[in-house]
Amino acid sequence: MTRDDVKPRLLGHWGTTPGLNFLYAHLNRAIAQREQSTVYVTGPGHGGPGLVANAYLDGTYSETYPDITQDVEGLRRLFRQFSFPGGIPSHVAPETPGSIHEGGELGYALSHAYGAAFDNPDLLVVAVVGDGEAETGALATSWHSNKFLNPAHDGVVLPILHLNGYKIANPTVLARIPEDELRALMIGYGYRPYFFEVPDTSGPGGATDHADAHRRFAVLLDEVLDEIAAIKSRTDDEDRPAWPMIVFRTPKGWTGPAYIDGKKTTGSWRAHQVPLASARDTPEHLQVLADWLASYRADELFDADGKLDPRIAALAPEGQLRMSDNPHTNGGLLLKDLRLPDFRTFAVDVPAPGATVAEATRVLGQWLTEVIRLNPDNFRIFGPDETASNRLQSVFDVTDKQWDAEFLSPRSTNIWRGRAGWSRCSPNISARAGWRGTC
Ligand SMILES: Cc1ncc(C[n+]2csc(CCOP(=O)(O)OP(=O)(O)O)c2C)c(N)n1
C-alpha cells in the first residue's frame, strides 16, 4: 500500500462501526435460524459504512446498485463512492438498503423503531441506541414507548444500548454510572436489562478473546430472543411485559489501533471519527493504517477476484430475511394509498369576515375522523401531545386509545392492573384491539 492508495481527505465515523458490525453479524445468525423478519435501526447512523458494508456482504447492495459488483472492481467503486462528491452519504441514508432511520440527528432511534413495530405483529425491530444519543431528550423519553405497545397486535422492539463510553470528545453519562444504577434506570423504564461486556484490553500485552466474546453474545442473544418469543406466545394479558433490552458495553473503535502517536485511541473518544487524521503525512502513519487493515485478513475472506468466500456469505439469511432487504424498510413495497375524504366537504362557512367562530384543529379532527373510518386497518394517529387538548377529539368517535400502562377503576382511584374480564373505564369501541381502554 502506498500513500496514493489513501484518499487525501478522510471522512467517516469509525468508533461506533465495529459494534454495529458485531451486532449485525450475530443477528444474521439468529435470523437465519429463526426465520424472524427483522429491521435494524441504527441510532448512531454516522456508522453508515457498517450498514453499507453489511448490505454489500449479504448481496442486497449489488442487487440494488448493479454497478457495485461482487468483485475487485465493485469493491473499488464501493470504497471510492463513500462520502465522496457524487457518491453516497456517510450516514445510514435513505439510499442505504434496509434503512428507515438516517441517524444524523441523534435521538429518534427508539421512536422510529416503535413506529415500525406498531401494527406489524410479526416484526422484530432491533434498535441500536448510542450512549451519547441516549442523552438527548427525545431518546430519554422514548424508552417509555413500551407503554403503548400491544404484545398481541404489534411487533417487538429490542433496544440495544451501545455503551462504548464516549461521544465525540467526552465520556457519556450512562457509561460512567455504576452498573446497578443503569440497571435500575432500565428497570424503571419498564425493561428487563441484560448486560454484555467486552473489556478494553487494547494496549501493550492486551488481547481480546474474540471467540469468547462471540460465544457469550450468541448465548445471550438466543436467551433474549427466546424470552421475546415466550412473551409473544403468552395468551394471558394480565401484566405489561417487561420486554428485554441489552446493554452492550464494548470499547469504542474496538479492533482499531490501540495507540497512535503514543495516544490511546481504541477505547477512547479519539476513536470516534477518523483515528488517523491523515495516513498520507508520514510513513509511520501509513504503516499504522496498513497494519490495521491487514489485521482483518481480508485475503482469507475474499478470493483473488474480490468475491466473498461462499462459506462466509452463507451465514447471512436469504432473500427478504436479510435486514437490508426487509420489505418494511422499503416503503414502496408495502405502502397502500389511503382513502381520503374530500377536504372541501369539511369547509367552514364564513359568510362575512369575522362572522364565524371555528377552530382549525377541531375541523381537522373531523376530517381525520373520516380518514380513520375509511381506513380502519391502515391508519393510526400517534400523539406525542394530547389529542383532545389539541381539539382532535372527534377521532374518539371511531377509534380508541392504545395504552398498556395501568388503568384506574372508573369508580375509585384504585389502580386496576388486570385486563381480562374487565369492561374498561368506558365502552371499548376499538375495532381491532379488545384490550384498548379509554382511561
Ligand atoms: C441531536 C444531535 N446532537 C449532536 C450531534 C453531534 N454528534 C454526532 S455523533 C455524536 C456522538 C454520538 O455518540 P453516541 O451516540 O454514543 O455514538 P457512538 O459513540 O457510538 O459514535 C454527536 C454528539 C448530532 N448528530 N445530533
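When a ligand or atom number is given, it counts from 1 through the structure's own listing order. In what follows, every heavy atom counts, from backbone to side chain, and hydrogens, waters and symmetry copies are set aside.
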Exercise for review: Output all residues satisfying salt bridge (Lys or Arg N to Asp or Glu O under 4.0 Å) with Glu359, sequence neighbours left out; order by chain, then residue number.
Suggested key: Arg362, Arg391
**Study point:** Minimum side-chain heavy-atom gap Val198-Thr208 below 4.5 Å
**Key:** yes
Study note, to complete from the structure: Closest non-hydrogen atoms of Asp404 and Arg240, given as atom of the first, atom of the second and distance, are O-CD, 3.1 Å
Exercise for review: Report yes if Glu105 has an N/O atom closer than 3.5 Å to an N/O atom of ligand 1; otherwise report no.
Suggested key: no
Review point. Based purely on interatomic distance, does Leu106 place a nitrogen or oxygen under 3.5 Å from a nitrogen or oxygen of ligand 1?
Key: yes
Check your understanding: Quick one: is the NZ or CZ of Arg183 closer than 6.0 Å to the six-membered ring centre of Phe195, and within 45° of its axis?
Key -> yes
Review point. His46 to ligand 1: N or O pair under 3.5 Å?
Key: yes
Check your understanding: Which residue holds the protein heavy atom closest to atom 8 (C) of ligand 1, what is that atom called, and what is the gap in Å?
Key -> Ile168 CD1, 4.0 Å
Point to revise | Sub-4.0 Å heavy-atom approach of Gly104 to ligand 1 | key: yes
Study note, to complete from the structure: Nearest heavy-atom contact between Leu368 and Phe379 is CD2-CZ, 4.0 Å
Review point. Are any of the N/O atoms in Gly132 less than 3.5 Å from those in ligand 1?
Key: yes
**Study point:** Salt-bridge contact Asp222-Arg29 (side-chain N to carboxylate O under 4.0 Å)
**Key:** yes
Point to revise | Polar contact flag for Thr172 and ligand 1 (N/O pairs, less than 3.5 Å) | key: no
Review point. Of all heavy-atom pairs between Thr361 and Leu392, which one has the smallest distance, and what is that distance?
Key: O-CD2, 3.3 Å
Going by atom type alone, with no hydrogens or angles, which donor-acceptor pairs under 3.5 Å involve a side-chain atom of residues 89-98 and a protein atom two or more places apart or on another chain?
from, atom 1, to, atom 2, distance (Å)
Thr96, OG1, Ala93, N, 3.1
Thr96, OG1, Ala93, O, 3.1

**Study point:** Residue Glu133 vicinity, atoms of ligand 1 by number, heavy atom under 4.0 Å
**Key:** 14 (P), 15 (O)
Point to revise | Identity and distance of the protein heavy atom lying nearest atom 20 (O) of ligand 1 | key: Thr16 OG1, 2.8 Å
Check your understanding: Does an N or O anywhere in Asn164 fall below 3.5 Å from an N or O of ligand 1?
Key -> yes
Point to revise | Option nearest atom 18 (P) of ligand 1 (shortest heavy-atom distance, choices Lys252, Lys167, His91, Gln273) | key: Lys252
Exercise for review: Go through ligand 1 atom by atom and flag the ones less than 4.0 Å from a non-hydrogen atom of His272.
Suggested key: 9 (S), 11 (C), 21 (O)
